[in-house]
Amino acid sequence: MKTYRTGFLLALIGNAVLAVFLVALWLHSRTAKPTGDARTKPSNSLAQDSTAASTPPASTEVSLVPVQISPQRLQSIGVRSGEVKRKLVEDEIRTTGSVAVDERRLAYVQVRFQGYIQRVFADATYQYVHTGQPLFTIYSPDLVATEREYLVAKQNQQQMAQSTVSGVASSATSLLDAAEERLKQWGVPQKEIARLESTGQVQSELEVESPVSGYITERNALPNLAVQPETRLYTVADLSTVWVLAEVFQNDLGRIKVGDPATLTVNTYPGRVFEGRVNFIYPQVDLVTRTARARLTFSNSGLKLSPGMFVNVSLKVPMGSQLVIPATGVLQSGTREIAFVERSDGYIEPRDVQLGSRVGDDFIVLKGLKAGEQIVTSANFLIDSESQLQAALGSFAPPPPGAGAASAVNAPQAKIELSSDPNPPHKGSNLFRVKVADANGAPISGAEVSATFFMPAMPAMGMAAMRTPMSLSDKGNGLYEGSGQLESGGTWQVTILAKKNGQLIATKQMSVNATGGM
């Protein structure tokens, strides 16, 4: 019995140890597998991210090629032309502003001594006063005392004038001059000093006059007011000339300068135009409106312009002789500015242009066009669509044999064969031969044959689209030859057109592989 119990316990302990070992092994396998996957997955993700980062974004630019459209079709879609011209250009900047007082024509009325205002004559703000018009009277004990000193000095100078004692007469004169100079320094008018000398009587009230003509914009003079030398009693504004503070956007600041002519209109006086000039451009741009102030000076005869008026401003900006095109002749795609140029060979060529500012109904041309060229000024979108379509057709490989048999009934029945010297063609100059024959194999001479080699853009390799047009000369017996320069090796899409008597007699599209590097 004891032996049986001992064996049972040993078996039980062994099974427990085995179970713990199996559980530990299972847990280890579970944790090791995700760890390995986790280490692998970030590595793959990093590799994918690195590959994505190194791949340049695909270009969204649309390829355009020259197109040839018959005059009848151009007329039917409403195409009109305009000329690239060089002419004197004057731009106009229209903005708004407000009338302000010319700060250089402000005058302040103050006295240079202490006193008390007695009577006030100019007793209302915005009252108009003339130069020399009485404004108020003032009593000053200091002024009265100085006038009395002046009279005493005057009397002493007269009495001492005949004195034989050396220096007495000159001293009396010096005292009189000192008293007179003090009155002048206090701003006492010369006519008051003359009155004092002629009458010999001290006047208790001094009459203060307006130094300029204008409107009283500030008044602090009141009866019985105690006045100090720093007290500003009146502000008088001369409105014969006013300022206009115009708000100019920051992109127009470089186009205006001091001295440029300006005009303004105000709804108060319909049909009247005021003329002035730019006087100053403030060197600060408002952070909210992104505008800067331009100060304009206007003559205000008749005082028609009042401070605070809201006005419409027009700034004239002379720009000299510039190359311009009609604004309707530009197709703006967002990233490109394109003009369609009418070439002498009957093709309409899309051309990238660089434009300056717009002046009225024209754009200034900085790059891409020459004076005298003709451009399309209407139906630009139709020409653009046709050019894109031709570019897209040129980028496709020709259809397989037998394709499009249903539409072949309306196609020209002549046959075209292309060969080259060397064969196959290579990067550089090549001689191309085209043989044109009718449906029965008879050669066709006297035709106009052209060939266009096109290779679409490859943005991933940084290559733009390439196009090589050429005209082939008639060599007789249905054979036409012409030389062309291929700028790269690779696959070129070729379009061959044959016309006779203005009618299309044959057309063919094919692919040609040229040797040589890119």
Side-chain angles (χ1 to χ4, degrees), residues 98-157 171-243 245 295 300 303 306-308:
S98 57
V99 180
V101 176
D102 188 342
E103 296 175 0
R104 298 168 300 185
R105 293 178 176 268
L106 287 175
Y108 301 109
V109 178
Q110 294 173 274
V111 293
R112 301 178 183 179
F113 46 80
Q114 297 180 359
Y116 304 89
I117 293 179
Q118 300 300 303
R119 293 174 294 166
V120 177
F121 306 116
D123 55 359
T125 308
Y126 289 104
Q127 176 182 343
Y128 187 80
V129 294
H130 298 278
T131 303
Q133 178 177 333
L135 299 177
F136 61 92
T137 61
I138 185 171
Y139 165 72
S140 171
D142 295 337
L143 180 59
V144 170
T146 302
E147 287 187 352
R148 286 175 180 168
E149 290 178 6
Y150 176 82
L151 293 177
V152 172
K154 180 67 174 178
Q155 185 178 6
N156 290 339
Q157 191 263 347
S171 297
T173 303
S174 297
L175 291 175
L176 178 61
D177 292 341
E180 183 179 358
E181 183 64 24
R182 191 184 309 171
L183 292 174
K184 291 181 179 179
Q185 291 297 327
W186 277 352
V188 177
Q190 185 62 40
K191 69 176 184 178
E192 174 63 19
I193 298 176
R195 184 204 63 79
L196 181 64
E197 184 176 356
S198 62
T199 62
Q201 297 293 326
V202 174
Q203 189 170 339
S204 60
E205 295 182 17
L206 176 66
E207 194 175 78
V208 179
E209 301 172 347
S210 174
V212 295
S213 297
Y215 288 91
I216 297 175
T217 59
E218 182 184 13
R219 168 183 170 258
N220 296 314
L222 299 172
N224 301 319
L225 178 70
V227 177
Q228 300 295 327
E230 66 271 11
T231 305
R232 182 184 298 176
L233 300 175
Y234 290 93
T235 301
V236 182
D238 179 5
L239 298 181
S240 61
T241 299
V242 294
W243 285 349
L245 303 178
R295 190 174 73 202
N300 191 23
L303 303 180
S306 301

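- Of the listed residues (L143, T231, V188, V227), just one forms a side-chain contact (heavy atoms from CB on, under 4.5 Å) with V111, and that residue is V227.
- Between E180 and E197, every side-chain heavy-atom pair lies at or beyond the 4.5 Å cut-off.
- Distance check, rounded to the nearest 0.5 Å: CD of Q110 to CZ of R112 gives 9.5 Å.
- Atom OH of Y128 has more than 12 heavy atoms from other residues, nucleotides or ligands within 6.0 Å.
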Determine all donor-acceptor pairs shorter than 3.5 Å in which one atom belongs to a side chain in residues 212-219; sequence neighbours excluded.
residue : atom : partner : partner atom : Å
S213    : OG   : T131    : N            : 2.9
S213    : OG   : T131    : OG1          : 3.1
T217    : OG1  : T235    : O            : 3.3
E218    : OE1  : T235    : OG1          : 2.8
R219    : NE   : A122    : O            : 3.4
R219    : NE   : A221    : O            : 3.4
R219    : NH2  : A221    : O            : 3.2

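- Between atom CG of residue N300 and atom OG of residue S306 there is a gap of 7.5 Å, rounded to the nearest 0.5 Å.
- Between R295 and L245, some side-chain heavy-atom pair lies under the 4.5 Å cut-off.
- The CD atom of Q114 sits 7.5 Å away from atom OG of S140, with the distance rounded to the nearest 0.5 Å.
- Taking the side chain as every heavy atom from C-beta outward, V120 and L222 never approach each other to under 4.5 Å.
- Minimum heavy-atom separation, L206 to P189: CD1-CD, 4.3 Å.
- With respect to E181 and K184, no salt bridge is recorded, no charged nitrogen being found less than 4.0 Å from a carboxylate O.
- Rounding to the nearest 0.5 Å gives a distance of 9.5 Å between CH2 of W186 and CD of E147.
- The nearest pair of heavy atoms linking T241 to R105 is CB-NE, 3.5 Å.
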**Message:** Does E209 form a salt bridge (charged side-chain N to carboxylate O under 4.0 Å, His left out) with K191? I'd like the steps, not just the answer.
**Reply:** CA-CA 12 Å; E209 301 172 347; K191 69 176 184 178; 2.5 Å; yes
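- Separating the CZ atom in R104 from the CG atom in D238 is a distance of 11.5 Å, to the nearest 0.5 Å.
- The side-chain heavy atoms of Y234 and V208, taken from C-beta on, include no pair separated by under 4.5 Å.
- Here the side chains of E207 and F121 are in contact, with some heavy-atom distance below 4.5 Å.
- The CG atom of L151 sits 11.0 Å away from atom OG1 of T146, with the distance rounded to the nearest 0.5 Å.
- Side-chain atoms of F136 and V109, non-hydrogen and from C-beta on, do get closer than 4.5 Å to each other.
- Annotation: side chain of L233 is in contact with side chain of I117 (closest heavy-atom distance under 4.5 Å).
- Smallest separation of non-hydrogen atoms from V242 and A100: CB-O, 3.7 Å.
- Using a distance-only test at 3.5 Å, with no hydrogens or angles considered, a donor-acceptor pair links the side chain of Q118 to the main chain of Y116.
- No donor-acceptor pair under 3.5 Å is formed between the side chain of R148 and the backbone N or O of V202.
- Inter-residue side-chain proximity for R182 and Y150 is flagged as unmet; no heavy-atom pair is nearer than 4.5 Å.
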